[in-house]
Amino acid sequence: WNLNPLNNDTWSFYYNGLNWLYSHLWGIDVKGHSPERMFDIITQYNEHINSDSPNKMAWFDHATSDRLSIFTVISLHPCMKMATTHFQSMIQELIVRHVDKIIQFKESENWMDSNHGVFHALALMNASNLDFLKESRPSTEQDGISYLSDTLLNILSLKEHFSLEQSAYY
């Protein structure tokens with residue numbers, strides 16, 4: 001998980017964000033691949049971030065919100081019916097840990113004036129669709145909505161119709 005062929009933090013954060021797991025979902029959906037390899041990758045990543053020395057970009061805020069989103073998608077995907085109960089429990093624990101981390105980001109207010117706050121909020125809102133989170137963390141949806149609202153009010157000038165953050169692309 002410390003792979004970084006370009007010696008570049010941006011490359012490392014995208015690698016650790018695990019968005020590339022969407023390609024595994026495509027293989028499952030389109031090619032009929034087994035989800036076992038994807039489950040193994042997530043299990044290995046879980047071991048990595050719970051180790052004594054995870055990659056410095058593992059808990060980078062953007063990587064964290066990206067992972068929460070992909071873990072949410074995987075949890076809602078029909079392939080989870082093929083997962084062991086141990087894996088299902090592990091991914092739920094991962095999701096709760098990521099939700100808690102993003103709530104910490106929200107409470108710190110460090111990203112209230114950047115596009116990263118938007119990514120965090122959307123990840124919370126996505127995760128709030130999971131039944132187990134509705135029960136264990138019922139405030140997740142409202143946390144995401146309020147985080148999104150606060151962030152957008154800080155990065156957009158509604159009076160001048162202008163992005164104060166200059167990241168309209170995001």
Side-chain angles (χ1 to χ4, degrees), residues 1-4 6-22 25 41-42 44-77 89-170:
W1 295 110
N2 291 313
L3 180 68
N4 192 348
L6 303 176
N7 195 28
N8 179 287
D9 284 346
T10 301
W11 190 96
S12 181
F13 116 65
Y14 278 114
Y15 180 63
N16 279 273
L18 302 183
N19 273 331
W20 48 271
L21 288 177
Y22 285 106
L25 287 175
I41 291 167
I42 295 168
Q44 291 170 24
Y45 199 82
N46 181 55
E47 292 169 4
H48 170 69
I49 62 173
N50 288 309
S51 72
D52 292 334
S53 57
N55 181 288
K56 70 178 184 174
M57 300 308 283
W59 290 108
F60 177 66
D61 72 288
H62 195 162
T64 303
S65 61
D66 282 359
R67 272 196 314 277
L68 178 55
S69 291
I70 186 64
F71 291 160
T72 298
V73 168
I74 291 167
S75 293
L76 292 169
H77 193 274
S89 175
M90 181 202 67
I91 200 166
Q92 287 182 2
E93 290 171 16
L94 271 170
I95 288 168
V96 168
R97 186 169 179 198
H98 282 69
V99 166
D100 289 347
K101 189 70 170 171
I102 292 175
I103 296 298
Q104 290 174 6
F105 296 154
K106 177 185 184 228
E107 291 171 351
S108 77
E109 298 185 357
N110 287 341
W111 292 274
M112 288 293 192
D113 60 354
S114 84
N115 57 352
H116 288 226
V118 173
F119 303 147
H120 303 164
L122 294 175
L124 288 174
M125 292 166 68
N126 290 337
S128 75
N129 288 299
L130 297 168
D131 289 338
F132 81 91
L133 261 187
K134 289 177 185 177
E135 294 175 22
S136 65
R137 296 286 197 290
S139 65
T140 303
E141 180 180 25
Q142 187 54 48
D143 285 332
I145 291 168
S146 65
Y147 196 2
L148 181 62
S149 177
D150 292 345
T151 302
L152 288 176
L153 289 172
N154 283 317
I155 66 174
L156 299 174
S157 170
L158 299 178
K159 180 180 178 185
E160 298 176 7
H161 310 290
F162 187 75
S163 169
L164 303 172
E165 204 240 3
Q166 296 300 299
S167 292
Y169 167 76
Y170 297 107

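On a predicted model such as this, the values are computed, not experimentally measured, just so you know.
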Exercise. What are the two closest non-hydrogen atoms of I155 and M112, and how far apart are they?
Worked result: CG2-O, 4.3 Å
Exercise. How close do A63 and A58 get, heavy atom to heavy atom, and via which atoms?
Worked result: CB-O, 4.2 Å
Problem set entry | Derivation and outcome, side-chain contact (heavy atoms from CB on, under 4.5 Å), residues I70 and L25 | CA-CA 10 Å; I70 186 64; L25 287 175; 4.2 Å; yes
For this session: Enumerate the residue pairs fulfilling ring pair (Phe, Tyr, Trp, His ring centres under 6.0 Å) with a member in residues 120-143, sequence neighbours excluded, ordered by first and then second residue.
Result: F105-H120, W111-H120, H120-Y147
Seminar exercise, completed: Looking only at heavy atoms, the pair that brings A127 and L133 closest together is O-CD1, 3.3 Å
Exercise. Taking the side chain from S128 and the backbone from M125, do they hold a donor-acceptor pair closer than 3.5 Å?
Worked result: yes
Problem set entry | Summary of salt bridge (charged side-chain N to carboxylate O under 4.0 Å, His left out) pairs that have at least one residue in residues 48-57, sequence neighbours excluded | D9-K56
Exercise. Would the number of heavy atoms belonging to other residues, nucleotides or ligands and lying under 6.0 Å from CD of E141 be above 12?
Worked result: no
Exercise. Going through the checks in order, is the side-chain contact (heavy atoms from CB on, under 4.5 Å) test met by R137 and D100?
Worked result: CA-CA 10 Å; R137 296 286 197 290; D100 289 347; 2.9 Å; yes
For this session: Would you indicate whether Q44, at its atom CD, is surrounded by more than 12 heavy atoms from other residues, nucleotides or ligands within a distance under 6.0 Å?
Result: yes
Exercise. Would you say N154's side chain and D150's backbone share a donor-acceptor pair under 3.5 angstrom?
Worked result: yes
Problem set entry | H62 backbone acceptor or donor facing S65 side chain under 3.5 Å | yes
Problem set entry | Closest approach of N55 to S12 (non-hydrogen atoms, all atoms of both residues) | OD1-OG, 3.3 Å
Exercise. Which salt bridge (charged side-chain N to carboxylate O under 4.0 Å, His left out) pairs, counting each pair once, include a residue from residues 102-127, with sequence neighbours left out?
Worked result: K106-D143
Exercise. Is the backbone N or O of Y15 less than 3.5 Å from a side-chain atom of W20, with the two atoms forming a donor-acceptor pair by type?
Worked result: yes
Problem set entry | Heavy-atom closest contact (S75 atom, L130 atom, distance) | CB-CD2, 3.7 Å
Exercise. Could you go step by step and tell me if E93 and S89 meet the side-chain contact (heavy atoms from CB on, under 4.5 Å) rule?
Worked result: CA-CA 6 Å; E93 290 171 16; S89 175; 3.5 Å; yes
Problem set entry | Backbone N/O of L94 and side chain of R67: donor-acceptor pair under 3.5 Å | no
Problem set entry | Main-chain N/O of S69 paired to N126 side chain as donor or acceptor, under 3.5 Å | no
Exercise. Parallel, tilted or perpendicular: which describes the rings of F60 and H116, with under 30° parallel and over 60° perpendicular?
Worked result: perpendicular
For this session: Take D66 and N16 through the side-chain contact (heavy atoms from CB on, under 4.5 Å) test and state the conclusion after the steps.
Result: CA-CA 9 Å; D66 282 359; N16 279 273; over 6 Å; no
For this session: Give the ring-plane orientation class for F71 versus H98, where under 30° counts as parallel, over 60° as perpendicular and anything between as tilted.
Result: perpendicular
